[in-house]
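These notes are about the structure you will find just below.
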2 protein chains.
Amino acid sequence: MNMKNANAASIRDMKKNCEHVSGVLKALAHPQRLMILCHLAEGEKTVGELQELCTLSQSAVSQFLKRMKLENLIDSEKRGLFVHYRIVDPDVKKLMNSLYGIFCR
Amino acid sequence: MNMKNANAASIRDMKKNCEHVSGVLKALAHPQRLMILCHLAEGEKTVGELQELCTLSQSAVSQFLKRMKLENLIDSEKRGLFVHYRIVDPDVKKLMNSLYGIFCR
DNA sequence: TTAGTATATTATATTTTATGAATATGAAAA
DNA sequence: TTTTCATATTCATAAAATATAATATACTAA
């Protein structure tokens, strides 16, 4: 087995992984987006519920949600007048659990 | 027991936690800082070693390290001509392990 | 003391992100 | 069909992050 190539490959992987993971982290790396995710980690919420829970303006919540939706961390479903948001990316669920385990006790 | 106060307290905790954790995440949320941390997760490294491993300029490595040192993720020790960096925050070590477990396989 | 090597700092141009106000959309109720 | 309610979008501006080049420090060896 050619070690040189093996290393080159794993460095490439590492770079790729770091690019992806840092993108995810960037989406979480804001006090209020993280707060929103903490609430979503406990289950689906509407925009209005998040607005109350996080004491944020409607516009702010909407923009934060959009940002995280773009990064595919969450998705939404409109039912009647309300839009329900939830975490979709299973990796993000795992990450939120890890964060809780590490930093919240 | 007063539920209202209990909730108020836990919301306060949540806010505090989110502020701290998002600070940590922000420090990781850059492809090359994350790359540096991945290498440090495997053990102490000098600035020059990181520069080679990550193909970055000396100045860039130095600045990234400074940034993460300010956030107390890492620290450094000068021995002779070389400065050795390592991860100090045990939470960051755990987090790097989680990230690896979630995103790198 | 001079030269060389490893690292740190500074300056700055550029890009990205945050914030808040105003306005728009679109579904439902009256 | 007008009004109301939940949510989304746009826009202006401020603030922060990033990249890069140039220069400085500080230790070592000759």
Side-chain angles (χ1 to χ4, degrees), chain A residues 15 18-40 43-88, chain B residues 15 18-40 43-88:
Chain A
K15 225 176 207 165
C18 284
E19 265 155 36
H20 171 235
V21 177
S22 69
V24 173
L25 294 179
K26 206 177 280 187
L28 307 203
H30 182 289
Q32 299 179 305
R33 284 197 299 267
L34 192 55
M35 187 83 156
I36 288 174
L37 279 177
C38 287
H39 287 295
L40 290 182
E44 196 175 270
K45 300 271 178 302
T46 69
V47 179
E49 285 170 336
L50 292 169
Q51 184 179 345
E52 275 242 335
L53 285 165
C54 305
T55 35
L56 286 170
S57 76
Q58 186 273 313
S59 170
V61 179
S62 224
Q63 286 182 77
F64 286 140
L65 290 170
K66 185 184 182 183
R67 171 82 157 73
M68 294 192 284
K69 201 174 171 184
L70 273 176
E71 194 74 32
N72 293 309
L73 308 190
I74 61 180
D75 77 353
S76 61
E77 189 185 342
K78 186 155 194 175
R79 296 207 287 277
L81 205 44
F82 298 85
V83 180
H84 300 258
Y85 279 85
R86 60 175 173 255
I87 299 178
V88 269
Chain B
K15 225 176 207 163
C18 283
E19 265 155 36
H20 171 236
V21 177
S22 69
V24 173
L25 294 180
K26 206 177 280 185
L28 307 204
H30 182 288
Q32 302 181 302
R33 283 197 300 267
L34 191 55
M35 187 83 156
I36 288 174
L37 280 177
C38 286
H39 288 295
L40 290 182
E44 197 175 89
K45 300 272 177 304
T46 68
V47 179
E49 285 169 336
L50 292 169
Q51 183 180 346
E52 275 242 335
L53 286 165
C54 306
T55 34
L56 285 170
S57 76
Q58 185 273 313
S59 170
V61 178
S62 225
Q63 287 182 77
F64 286 140
L65 289 169
K66 186 184 181 183
R67 170 84 158 71
M68 296 192 283
K69 201 175 172 182
L70 274 176
E71 194 75 31
N72 292 309
L73 308 189
I74 61 181
D75 78 351
S76 61
E77 189 185 341
K78 186 156 193 174
R79 297 208 286 277
L81 205 44
F82 298 86
V83 182
H84 300 257
Y85 279 85
R86 58 174 176 255
I87 298 179
V88 269

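Chain identifiers are assigned alphabetically (A, B, ...) following the order of the sequence lines, protein sequences preceding nucleic acid strands; residue numbering begins at 1 within each chain. Computed from heavy atoms alone, side chains included, the values below leave out hydrogens, waters and symmetry copies.
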Length of the line joining [X]:[atom1] and [N]:[atom2], which is rounded to integer Å:
{"X": "B:His84", "N": "C:dT7", "atom1": "NE2", "atom2": "P", "answer": "8 Å"}
{"X": "B:Leu56", "N": "C:dA6", "atom1": "CG", "atom2": "C1'", "answer": "16 Å"}
{"X": "A:Glu71", "N": "C:dT16", "atom1": "CD", "atom2": "C1'", "answer": "14 Å"}
{"X": "B:Phe64", "N": "D:dT20", "atom1": "CZ", "atom2": "C1'", "answer": "11 Å"}
{"X": "B:Arg67", "N": "D:dA17", "atom1": "CZ", "atom2": "C1'", "answer": "8 Å"}
{"X": "A:Leu65", "N": "C:dA18", "atom1": "CG", "atom2": "C1'", "answer": "16 Å"}
{"X": "B:Leu70", "N": "D:dA16", "atom1": "CG", "atom2": "C1'", "answer": "15 Å"}
{"X": "A:Ile74", "N": "D:dT7", "atom1": "CD1", "atom2": "C1'", "answer": "14 Å"}

(message) According to side chain to side chain donor-acceptor pair (under 3.5 Å), who are the partners of A:Asp75, at least two apart in sequence or on a separate chain?
(response)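 Once residues adjacent in sequence are excluded, the partners of A:Asp75 under the side chain to side chain donor-acceptor pair (under 3.5 Å) criterion are A:Arg86.
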
(request) Quick one: list whatever passes side chain to side chain donor-acceptor pair (under 3.5 Å) with A:Lys15, sequence neighbours left out. (result)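 A:Lys15 satisfies side chain to side chain donor-acceptor pair (under 3.5 Å) with no other residue.
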
(request) For A:Ala60 and for B:Val83, locate the closest nucleotide of DNA chain C by heavy-atom distance; then report the residue assigned to the nucleotide nearer the 5' terminus. (result)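 With A:Ala60 and B:Val83 compared, the 5'-side residue is B:Val83.
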
(message) Does B:Ser57 reach a base, just sugar-phosphate, or nothing at all? Heavy atoms under 4.0 Å.
(response)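 Nothing, no nucleic acid heavy atom in range.
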
Hey, can you pull the donor-acceptor pairs under 3.5 Å for the side chains in residues 53-60 of chain B, sequence neighbours left out?
residue	atom	partner	partner atom	Å
B:Ser57	OG	B:Ala60	N	3.0
B:Ser59	OG	B:Gln63	NE2	3.1

(request) For A:Glu52, check side-chain contact (heavy atoms from CB on, under 4.5 Å) against everything at least two apart and list the hits. (result)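 So A:Glu52 forms no side-chain contact (heavy atoms from CB on, under 4.5 Å) with any residue.
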
(request) Apply side-chain contact (heavy atoms from CB on, under 4.5 Å) to A:His20 and list each qualifying residue two or more places apart in sequence or on a separate chain. (result)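 Only A:Val24, B:Phe103 meet the side-chain contact (heavy atoms from CB on, under 4.5 Å) criterion with A:His20.
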
(message) Using the salt bridge (charged side-chain N to carboxylate O under 4.0 Å, His left out) criterion, which residues pair with B:Glu71? Sequence neighbours excluded.
(response)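 With neighbours one apart ignored, the set is empty.
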
(request) Quick one, give me the B/S/- string for nucleotides 24-30 of chain D, reading 5' to 3', where B means a protein heavy atom under 4.0 Å from the base and S means that only happens at the primed atoms, P, OP1 or OP2. (result) ---BS--

(request) Would you indicate which nucleotide in D:dT20, D:dA8, C:dT7 comes nearest to any side-chain atom of B:Phe82? (result)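 Looking only at heavy atoms from C-beta outward on B:Phe82, the closest nucleotide is C:dT7.
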
(message) Of the listed nucleotides (C:dA8, D:dT9, C:dT9), which one gets closest to any side-chain atom of B:Gln63?
(response)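 Comparing C:dA8, D:dT9, C:dT9 against the side chain of B:Gln63, the answer is C:dT9.
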
(request) Could you give me the CA-CA distance, side-chain angles and deciding distance for A:Gln32 and B:Cys18, then say whether side chain to side chain contact (heavy atoms under 4.5 Å, CB included) is met? (result) CA-CA 7 Å; A:Gln32 299 179 305; B:Cys18 283; over 6 Å; no

(message) Please determine whether a side-chain nitrogen or oxygen atom of A:Tyr85 lies at a distance below 4.0 Å from atom OP1 or OP2 of D:dA8.
(response)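 So the side-chain polar atoms of A:Tyr85 do come within 4.0 Å of the phosphate oxygens OP1 or OP2 of D:dA8, strictly under.
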
(request) Could you pull out all residues at least two apart from B:His30 that satisfy ring-ring contact (aromatic ring centres under 6.0 Å, His included)? (result)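 For B:His30, the residues satisfying ring-ring contact (aromatic ring centres under 6.0 Å, His included) (neighbours in sequence not counted) are B:Phe64.
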
(message) Is there a side-chain contact between A:Val88 and A:Leu73 in this structure, where contact means two heavy atoms from C-beta onward sitting under 4.5 Å apart?
(response)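 The answer is no; the side chains never approach within 4.5 Å.
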
(message) Can you say whether a donor on the side chain of B:Gln51 sits under 3.5 Å from an acceptor on the base of C:dT7, or the other way round?
(response)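 Answer no: no donor N or O sits under 3.5 Å from an acceptor.
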
(request) Ignoring hydrogens and angles, answer whether the base of C:dT19 and the side-chain atoms of A:Ser59 contain a donor-acceptor pair closer than 3.5 Å. (result)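 For A:Ser59, whose side chain was compared with the base of C:dT19, there is no donor-acceptor pair (under 3.5 Å).
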
(request) Start with the C-alpha gap between B:Leu50 and B:Thr46, add the side-chain angles, then the distance that decides, and say whether side chain to side chain contact (heavy atoms under 4.5 Å, CB included) holds. (result) CA-CA 6 Å; B:Leu50 292 169; B:Thr46 68; over 6 Å; no

(message) I need the residues from residues 21-35 of chain A with at least one non-hydrogen atom less than 4.0 Å from DNA chain C; give them sorted by number, or say none.
(response)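 Output list: A:Lys26, A:His30, A:Arg33.
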
